[in-house]
Amino acid sequence: MTSVEVSTETEDSGSGGYAAARLRLLQEEARSGPPRRAALAQLTDDWLAQLFTGAARAAGVRGAALMAVGGYGRGELSPRSDLDLVLVHDGSASASAVSALADSLWYPVWDLGLALDHSVRTPAEARRTAGADLKVHLGLLDARHLAGEQSLTAALRTTVLADWRNLAPKRLPELDALCRERGERQGELQFLLEPDLKEARGGLRDATALRAVAASWLADAPREGLGEARRRLLDVRDALHLATGRATDRLALQEQDAVAAALGVLDADVLLRQVYEAARTISYASDVTWREVGRVLRARSARPRLRGLLGGRTAAPERTPLAEGVVEQDGEVVLALAAKPERDPVLPLRAAAAAARSGLPISLHAVRRLAAAVRPLPVPWPAEAREELVTLLGAGESTVPVWEALEAEGLITRLLPDWERVRCRPQRNAVHTWTVDRHLVETAVRASSLTRRVHRPDLLLVAALLHDIGKGWPGDHSVAGEVIARDVATRIGFDKDDVAVVTVLVRHHLLLVDTATRRDLDDPATVRAVAEAVGTASTLELLHALTEADALATGPAAWSSWRGSLVADLVKRVGAVLAGEPVDPEAPVATAEQERLAMEAHRTGGPVLALRAQTDAPMEEGAREPLGVELLIAVPDQPGVLPAVAGVLAMHRLTVRTAELRAIELPDPVGGEILLLDWRVAAEYGSLPQAARLRADLVRALDGSLDLASRLAEREAARRRGPAAPPPRVTVAPAASRLATVIEVRAQDAPGLLHRIGHELERAGVRVRSAHVSTLGANAVDAFYVTDGEGEPLGVEVAVGVVRGVERALGSGGG
């Protein structure tokens with residue numbers, strides 16, 4: 001006898017008994033997943049059936065039935081799921097009697113605090129409502145009898161299902177559009193850090209839609225793995241309901257550890273990876289299914305006209321050759337009749353390259369036949385296989401669906417075994433849009449548009465595919481990736497010199513952007529270090545393109561025209577070194593605008609500010625700033641400039657995206673040194689304050705009449721805090737410069753962060769020779785070139801003291 005049976009026999013059969021039995025069931029650790037959902041549905045069925053029987057007798061209603069629809073209709077009840085119920089009656093009872101029956105059913109449900117979605121209809125009304133409302137029709141497809149006249153339920157189910165099949169040519173395109181709109185609004189479940197398990201694309205709603213398509217008899221979803229994927233998402237949702245005590249479908253970051261523990265999963269990353277794998281299975285099945293629906297509907301609409309033209313005969317499908325063993329048929333890439341996949345190991349790559357090059361999907365049947373029959377490629381790969389891989393990677397956006405089709409059937413991991421470690425691997429960084437594997441494919445897509453800039457596009461595309469392959473291994477992913485890239489490049493048949501180039505590109509794929517945004521490009525040591533790492537001008541050309549492709553494929557916060565110009569400047573300087581030109585330290589050259597501001601600052605003895613848009617056009621009074629407004633500040637060299645400027649900006653709720661500080665020499669005969677600060681800022685909300693207000697507060701901050709520390713402390717106290725961020729990391733960058741000591745700070749971005757850093761550097765008595773600040777999403781990555789009072793690099797002990805001081809300042813400030 002099960003626990004549910006015990007509860008229904010020994011407890012009060014009313015609502016109290018149901019509630020107690022429900023609680024015990026949800027607390028049973030030994031029962032979870034589909035058995036618990038089914039048991040909870042059965043327990044609820046029994047309770048509602050008893051309610052209905054007593055209420056129908058009391059109300060004097062005979063011709064009525066109670067049905068479960070939607071998820072409850074499928075017999076799947078999660079801990080906090082709604083009860084979707086329909087009371088059907090044949091119209092023989094009075095309206096008041098039916099209303100009394102309904103009230104006797106709904107109120108006990110509400111009294112227990114359960115969510116309820118309910119309706120009362122005759123069969124004709126239910127049919128009309130379904131005909132007018134697609135969502136109602138979908139719910140009724142899963143209708144299940146609970147109590148009352150079973151013939152009513154059976155008749156309505158039969159009618160609704162017949163209507164669904166008859167209306168399929170109209171209803172399925174509506175359902176497809178509904179799914180697409182929802183996916184655009186909610187995003188792709190397989191890439192979201194806080195996914196909605198139900199509404200996002202690849203979630204439970206899409207799985208239900210596939211059931212509806214199958215019920216139409218017009219097309220069917222690929223079933224392999226689909227049931228397990230759906231069960232996995234339901235299991236995660238069950239654990240989420242129990243962990244939060246709420247009817248939520250969003251797997252928030254703060255709940256992921258608890259959900260992972262409840263499911264017996266190692267950690268939140270493994271949990272997300274399992275969720276992503278399930279979502280990817282459902283998404284791929286949806287793509288295949290909706291493509292088949294479209295094909296069938298097009299064929300149906302064309303068939304009468306075609307038969308008329310052919311005198312009643314049926315035309316053979318047209319097949320257009322695309323490559324050896326590969327043809328196009330009915331808008332898909334399929335295998336030729338004479339193709340022999342068991343004798344042609346290059347055929348999967350040839351078919352994929354032909355599909356991507358033609359912008360066509362590869363058919364499910366073709367991919368499955370290839371997966372079942374094709375033999376492994378010899379190692380190293382023949383030249384044709386390598387060329388087809390490069391063609392596939394270079395096809396642009398059409399590469400993605402073809403790659404996904406191969407991956408869904410396991411062909412990618414058979415071609416590239418190291419791919420398994422990055423497949424569906426989450427990236428817990430708000431800057432990243434994609435999982436690791438999809439980011440690699442997206443980088444190749446971005447690189448395909450840059451191939452005209454390089455002499456070896458094949459090396460660029462393969463390096464793009466492999467640059468983050470080390471993220472599947474512990475430690476520095478660039479170091480791990482170097483080893484894997486060497487093995488993969490050798491495996492796919494590149495010669496020794498080409499393998500060496502791919503290896504350098506993967507090892508140093510972050511070198512240019514990190515150096516350009518965090519190092520002083522006027523320091524000869526910076527340029528020489530990059531030149532030594534890159535080695536040749538041709539490798540530098542490839543690395544420049546890979547850097548841009550990687551950043552563009554990461555997300556909108558990872559690349560900008562400003563970062564692009566810095567990288568281009570660095571590449572130009574490194575190219576000069578590789579060409580044999582000498583690198584001598586030079587004083588930074590100011591632009592005409594910067595020199596004008598510097599002269600004005602010298603003349604007035606105080607700060608001078610200018611706000612400019614990216615177009616270099618002055619900002620109009622009251623205009624809403626574009627993304628990345630430039631704020632130029634010139635001020636005579638004096639202590640406390642960096643913390644004062646950073647504090648004033650934070651006080652005015654300005655977010656610093658990037659910042660540079662450097663000293664420039666005024667030309668003779670004026671002479672003297674002016675500090676120049678070049679910032680990219682954006683308002684947290686509203687518009688930028690007027691430059692005059694910023695200047696007035698900066699003057700007060702520099703002369704000490706504005707208590708910045710107190711003002712920022714008030715803001716910090718009022719700030720709403722999210723989940724705990726990783727602790728800040730402050731280090732000395734070894735051998736980064738012979739002219740200064742480079743202090744690197746990596747921390748969670750927060751209001752006043754740069755002010756606290758600058759204040760601590762001032763307190764330590766060091767001089768900031770230049771600063772390079774950048775913000776990527778929620779992360780600040782800053783580098784400060786500092787010297788002692790004599791303009792020399794810091795001693796080891798002094799540098800360690802500065803590092804510890806900055807760490808203390810950030811730790812106490814919550815940044």
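Rounding to the nearest 0.5 angstrom, the gap separating the CD atom in E332 from the OG atom in S358 is 13.0 Å. Taking CG of L570 as the start and OG1 of T526 as the end, the distance is 8.5 Å to the nearest 0.5 Å. Distance check, rounded to the nearest 0.5 Å: CG of L566 to OG1 of T515 gives 11.5 Å. Of the inter-residue distances, the one linking L542 atom CG with L460 atom CG reads 6.0 Å to the nearest 0.5 angstrom. Separation of atoms CG (L511) and CG (L505) is listed at 11.0 Å; rounding is to 0.5 Å. Atom OG of S363 is separated from atom CD of Q329 by 8.5 Å, given to the nearest 0.5 angstrom.
Within the 3.5 Å criterion, the main-chain N or O of A356 finds a donor-acceptor partner in the side chain of S398. The main-chain N or O of T554 is found under 3.5 Å from a side-chain atom of T433 such that the two form a donor-acceptor pair. The backbone N or O of V445 lies less than 3.5 Å from no partner atom in the side chain of S449, so there is not a single donor-acceptor pair. Formation of a donor-acceptor pair under 3.5 Å by the T435 side chain with backbone atoms of R425 is not found in this model. Counting only distance, with no hydrogens or angles, the side chain of R573 and the backbone of L521 share a donor-acceptor pair below 3.5 Å. For Y276 (side chain) and L192 (main-chain N/O), a donor-acceptor pair under 3.5 Å exists by modelled atom type. Remark: the backbone N or O of A219 is not paired with any side-chain donor or acceptor of E292 at under 3.5 angstrom.
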Open item on the list: Does H467 form a ring pair (Phe, Tyr, Trp, His ring centres under 6.0 Å) with H439? I'd like the steps, not just the answer.
Closed with: CA-CA 10 Å; H467 74 280; H439 169 68; 5.0 Å; yes
TODO: Could you walk me through whether Q256 and L251 pass side-chain contact (heavy atoms from CB on, under 4.5 Å), step by step?
DONE: CA-CA 7 Å; Q256 290 173 8; L251 186 58; 3.8 Å; yes
Task: Steps toward side-chain contact (heavy atoms from CB on, under 4.5 Å) verdict (L370, H365) - done: CA-CA 9 Å; L370 289 169; H365 177 73; over 6 Å; no
Task: Stepwise side-chain contact (heavy atoms from CB on, under 4.5 Å) check, V346 with W381 - done: CA-CA 9 Å; V346 182; W381 290 5; over 6 Å; no
- [ ] Step by step, work out the salt bridge (charged side-chain N to carboxylate O under 4.0 Å, His left out) result for R519 and D514.
- [x] CA-CA 8 Å; R519 294 291 179 266; D514 282 356; over 6 Å; no
Open item on the list: Before you tell me yes or no, could you show the steps for D498 and R456 under salt bridge (charged side-chain N to carboxylate O under 4.0 Å, His left out), namely the whole-Å CA-CA distance, both residues' side-chain angles and the distance that decides it to 0.1 Å?
Closed with: CA-CA 10 Å; D498 289 347; R456 289 295 303 273; 2.9 Å; yes
Open item on the list: Assess the residue pair L465 and L416 against the criterion (side-chain contact (heavy atoms from CB on, under 4.5 Å)); give the C-alpha distance rounded to whole Å, side-chain angles, the decisive distance to 0.1 Å, and a yes or no.
Closed with: CA-CA 11 Å; L465 184 70; L416 304 170; 4.1 Å; yes
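Between R438 and E442 there is a salt bridge, since at least one side-chain N of the basic residue sits less than 4.0 Å from a carboxylate O of the acidic one. The pair R201-D287 counts as a salt bridge, with a side-chain nitrogen and a carboxylate oxygen less than 4.0 angstrom apart. The existence of a salt bridge linking R185 and E181 is confirmed by a sub-4.0 Å separation between a basic side-chain nitrogen and an acidic carboxylate oxygen.
For the pair W473 and V479, the minimum side-chain heavy-atom distance is 4.5 Å or more. Counting heavy atoms from C-beta on, the side chains of R421 and V436 never come closer than 4.5 Å. Using a 4.5 Å heavy-atom threshold, the side chains of R291 and P361 count as touching. Looking at heavy atoms from C-beta onward, L466 lies out of side-chain contact with L440 at the 4.5 angstrom threshold. Looking only at side-chain heavy atoms (C-beta outward), E199 and D249 stay at 4.5 Å or farther from each other. You'll find the side chain of V574 reaches within 4.5 Å of the side chain of L578, heavy atoms only. The side-chain heavy atoms of W403 and L393, taken from C-beta on, include a pair separated by under 4.5 Å. Using a 4.5 Å cut-off on side-chain heavy atoms (C-beta onward), T655 and V681 make no contact.
Contact record, L543 with H508: CD1-O, 3.4 Å, taken as the closest heavy-atom pair. For the residue pair A485 and V502, the shortest heavy atom distance occurs at CB-CG1, 4.4 Å. What you find for S283 and G202 is that their closest heavy atoms are OG-CA, 3.3 Å. Counting all heavy atoms, side chain and backbone alike, A464 lies closest to A447 at CB-CB, 4.1 Å. The minimum heavy-atom distance between R182 and A200, with the atom names listed, is NH1-O, 4.1 Å. Annotation for V454 and A545: closest pair CG1-CB, 3.9 Å, computed over non-hydrogen atoms.
The closest side-chain donor-acceptor pair between Q427 and K471 falls under 3.5 angstrom. No side-chain donor from either of T289 and S286 sits under 3.5 Å from a side-chain acceptor of the other.
Pairs of residues two or more places apart, or lying in two chains, that qualify as salt bridge (charged side-chain N to carboxylate O under 4.0 Å, His left out) and include a residue from residues 322-331 are R295-D330. The salt bridge (charged side-chain N to carboxylate O under 4.0 Å, His left out) contacts involving residues 265-280 comprise D269-R428, E277-R423, R280-E407, R280-D437, where partners must be two or more places apart or lie in separate chains. Legend: salt bridge (charged side-chain N to carboxylate O under 4.0 Å, His left out) pairs involving residues 546-555, not counting sequence neighbours, sorted by first then second residue: R453-E548. Among residue pairs with one or both ends in residues 476-492, those qualifying as side chain to side chain donor-acceptor pair (under 3.5 Å) are D468-H477, H477-H509; sequence neighbours excluded. Legend: salt bridge (charged side-chain N to carboxylate O under 4.0 Å, His left out) pairs involving residues 369-391, not counting sequence neighbours, sorted by first then second residue: R350-E384.
When the shell of 6.0 Å around CZ of R205 is examined, it contains 12 or fewer heavy atoms from other residues, nucleotides or ligands.
Contacts of E397 classified as side chain to side chain donor-acceptor pair (under 3.5 Å), with partners at least two apart in sequence or in another chain: none.
Each of D344, L347, V367, V327 was compared with L335 under the side-chain contact (heavy atoms from CB on, under 4.5 Å) criterion, and only L347 meets it.
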